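Let me begin by presenting the structure, written as structure tokens, before commenting on it.
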Amino acid sequence: MAKFLTNKEESFSQWYNDLVIKADLAENSAVRGCMVIKPYGYAIWERIQAELDRKFKATGHVNAYFPLFIPKSFFSREAAHVEGFAKECAVVTHYRLKHSADGKGIIVDPDAKLEEELIVRPTSETIIWNTYKDWIHSYRDLPLLINQWANVVRWEMRTRLFLRTAEFLWQEGHTAHATREEAIEETTKIIDLYADFVTNFMGIPVIKGYKSPSERFAGAEDTFAIEALMQDGKALQAGTSHFLGQNFAKAFDVKFTNEKGKLDYVWATSWGVSTRLMGALVLAHADNNGLVIPPRLAPIQVVIIPIYKGSDQLDKISEIAINLKIRLEEAGLTVKYDNRDTQKPGFKFADYELKGVPVRLAIGPRDADQGTVEVARRDTLTKETISRDNVVSHVVSLMDEIHNNILKKATAFREENTHYVDNWDEFLDVIENKGGFVMAHWDGTPETEEQIKNLTKATIRVIPFDSPTEKGKCIYSGNPSDRRVLFARAY
RNA sequence: CGGGGUAUAGCGCAGUCCGGUUAGCGCAUCUGGUUUGGGACCAGAGGGCCGCAGGUUCGAAUCCUGCUACCCCGACCA
């Protein structure tokens, strides 16, 4: 078989880059650091959107849309926030172009300079809280539970398709609450929602936890995150939910009258997941044959491929295939019948494997005569021939089976690659030679965290919610610690 | 923003050192035919301002100067 992808054992990052392009997910654009998301990749993103949107609405959130541009002055109101994002902002300074004096090109018209520069949003807290000021006056206006689907721009030095692009798509939730407790409850509810989604829809197990203070979102009092382990042993932050305290309410002077008639600042949360999840999908599940898409996420769940000689056979097989497609669709599945005559079956087999379609059905003359269908699974690459009468119920049950198998495999991988480490040498050895998650004691100081990062490139991914209390000594400083935290090298 | 590299057909490259026919090769594309149970084969065809701007020369993809873009390694990061 010809080699179409770089093997991941050979070069993991090359394999990733190849796969994203060859599976038709995205490509680099003419604009530095910005990607073109291709129809197949976008179809997967739309699946992610649809399910998350359903979950947000089911928990009482509504969608709205805020401007792409943020006046510079808004940005500087929350000190930590501006500090965190200032280094990666695209700025609009002019609003008009004109022909250059030599007539050869177009230049920015110096007379069209903006009074106040506009920042292309890297995140929308400031514009949204400036708006909330007018929306919130009473406890009766709360809670305000709003989400927006948008693009944002962060001027990254080095970019990689889906994992880090200068522009990316995401959703950002921005909620306002009357009490601290309620805001914290919302922050928790969302990180649980994300964890449920990533685990049960994308088949990727995650660790939920707190970010250390130095890894917190700029302007947050607390950041919760879900961390997933990729096949190369690196961690990927798959979603974050921030408890913003009253920081933004104070910065934008958003006060409300509470039930007792007293004026108080509003409590806030914000949370988001991005097209980075597309990267997680590839890095968590794909193999040397291509993508492996968990069935609940797959834009095409079942593909039917005819095998035939001559148009008479094709007609006969098509009739069977189309009938089967209808029955599968009635059972709630998304089905594609690929009857293109321009590609041979072998090509199609390989192509749908590359694209990660969970189940492939092949129908040839033999099957037509015998009333059978060949059923192939993408996750195991196994094939079986079963009776046409049973195929619908079989494929329906395969959807859950494949999802469970993919999740089980990823979970087993994570368990095999989670190391409990109690001293520095061991820590170094695991980080350098094995990779994966490392559960170790930390003295709780940012200095130690910083030192460990400088020495090993490993960071504290999260302080897991479920990390039990356990007396120990910090692997770096030897100072006492009462719980383990999760270290890893990360994307 | 520091260090290194690259720029030739849609993609991947050779040719550049040492200037000289009509700038090649693989993949992809198109046409015709044979094929179709794991990425088909044969025959033919189309496709290039050799990154941009100057210069040297009878002659420049090739030599010189300047510019621009991109890639890799660091610092920064969802």
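It should be emphasised that the depicted structure is a prediction, and the values quoted were computed from it without experimental measurement. Proteins come first, then strands; the chains are lettered A, B, ... in the order of their sequence lines, and each starts at number 1.
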Test side-chain contact (heavy atoms from CB on, under 4.5 Å) applied to F224(A) and Y194(A), step by step: CA-CA 11 Å; F224(A) 302 161; Y194(A) 285 157; over 6 Å; no

Sub-4.0 Å heavy-atom contacts from residues 358-371 of chain A onto RNA chain B, ordered by number: R360(A), G364(A), P365(A), R366(A), D367(A)

Contacting residues from residues 302-324 of chain A, given that a heavy atom lies under 4.0 angstrom of RNA chain B: I307(A), Y308(A), K309(A)

Could you work out which one of [options] sits closest to the side chain of [X]?
{"X": "D341(A)", "options": "A75(B), C76(B), U36(B)", "result": "U36(B)"}
{"X": "E353(A)", "options": "A75(B), U36(B), G38(B)", "result": "G38(B)"}
{"X": "K344(A)", "options": "G38(B), A40(B), A78(B)", "result": "A40(B)"}

S212(A) and E449(A) side chains, donor-acceptor separation under 3.5 Å: yes

Which residues satisfy the side-chain contact (heavy atoms from CB on, under 4.5 Å) test with [X], sequence neighbours excluded?
{"X": "L428(A)", "result": "W424(A), T456(A)"}
{"X": "K316(A)", "result": "A368(A), D369(A)"}
{"X": "F69(A)", "result": "V92(A), L118(A), V120(A)"}

By side chain to side chain donor-acceptor pair (under 3.5 Å) - contacts of S241(A) (at least two apart): none

T275(A): partners by side chain to side chain donor-acceptor pair (under 3.5 Å), with sequence neighbours left out: none

Can you give the donor-acceptor pairs under 3.5 Å from side chains of residues 352-359 of chain A to other protein atoms, not counting sequence neighbours?
unit_1: Y352(A); atom_1: OH; unit_2: K336(A); atom_2: NZ; d: 3.4
unit_1: Y352(A); atom_1: OH; unit_2: D338(A); atom_2: OD2; d: 2.6
unit_1: E353(A); atom_1: OE2; unit_2: R360(A); atom_2: NH1; d: 3.0

When the [atom1] atoms of [M] and [N] are compared, how many Å lie between them, rounded to an integer?
{"N": "C49(B)", "M": "G12(B)", "atom1": "C1'", "answer": "22 Å"}
{"N": "G37(B)", "M": "U22(B)", "atom1": "P", "answer": "47 Å"}
{"N": "C27(B)", "M": "G44(B)", "atom1": "P", "answer": "14 Å"}
{"N": "G24(B)", "M": "C67(B)", "atom1": "C1'", "answer": "29 Å"}
{"N": "G51(B)", "M": "C11(B)", "atom1": "P", "answer": "13 Å"}

Distance-only donor-acceptor test, K383(A) side-chain atoms vs G38(B) base atoms, 3.5 Å: yes

Any protein N or O atoms within reach of nucleotides 27-31 of chain B? Criterion: under 3.5 Å, listing atom names and distances.
none

Set of ring pair (Phe, Tyr, Trp, His ring centres under 6.0 Å) partners for Y16(A), sequence neighbours left out: none

N/O donor-acceptor pair under 3.5 Å between W442(A) side chain and T445(A) backbone: yes

RNA chain B base-pair string [pairs: Watson-Crick or G-U under 3.5 Å; |: paired with another strand]: (((((((..((((......[...)))).((((((.....)))))).....(((((..]....))))))))))))....

Sugar-phosphate only, base, or nothing, as touched by Y491(A) at under 4.0 Å among non-hydrogen atoms: nothing

Stacking of F168(A) on A78(B) base (centres under 5.5 Å, planes under 30°): yes

Beyond-backbone contact of E125(A) with H81(A), side-chain heavy atoms, under 4.5 angstrom: yes

Salt bridge present between D196(A) and K55(A) (N-O < 4.0 angstrom): yes

Pairs involving residues 292-308 of chain A, ordered by first then second residue, that meet side chain to side chain donor-acceptor pair (under 3.5 Å) (sequence neighbours left out): R296(A)-D400(A), R296(A)-H403(A), Y308(A)-D341(A)

Rounded interatomic separation in angstrom, taking CD from E374(A) and C1' from G37(B): 7 Å

is_close_aromatic(F465(A), Y210(A)), centroid dist under 6.0 Å: yes

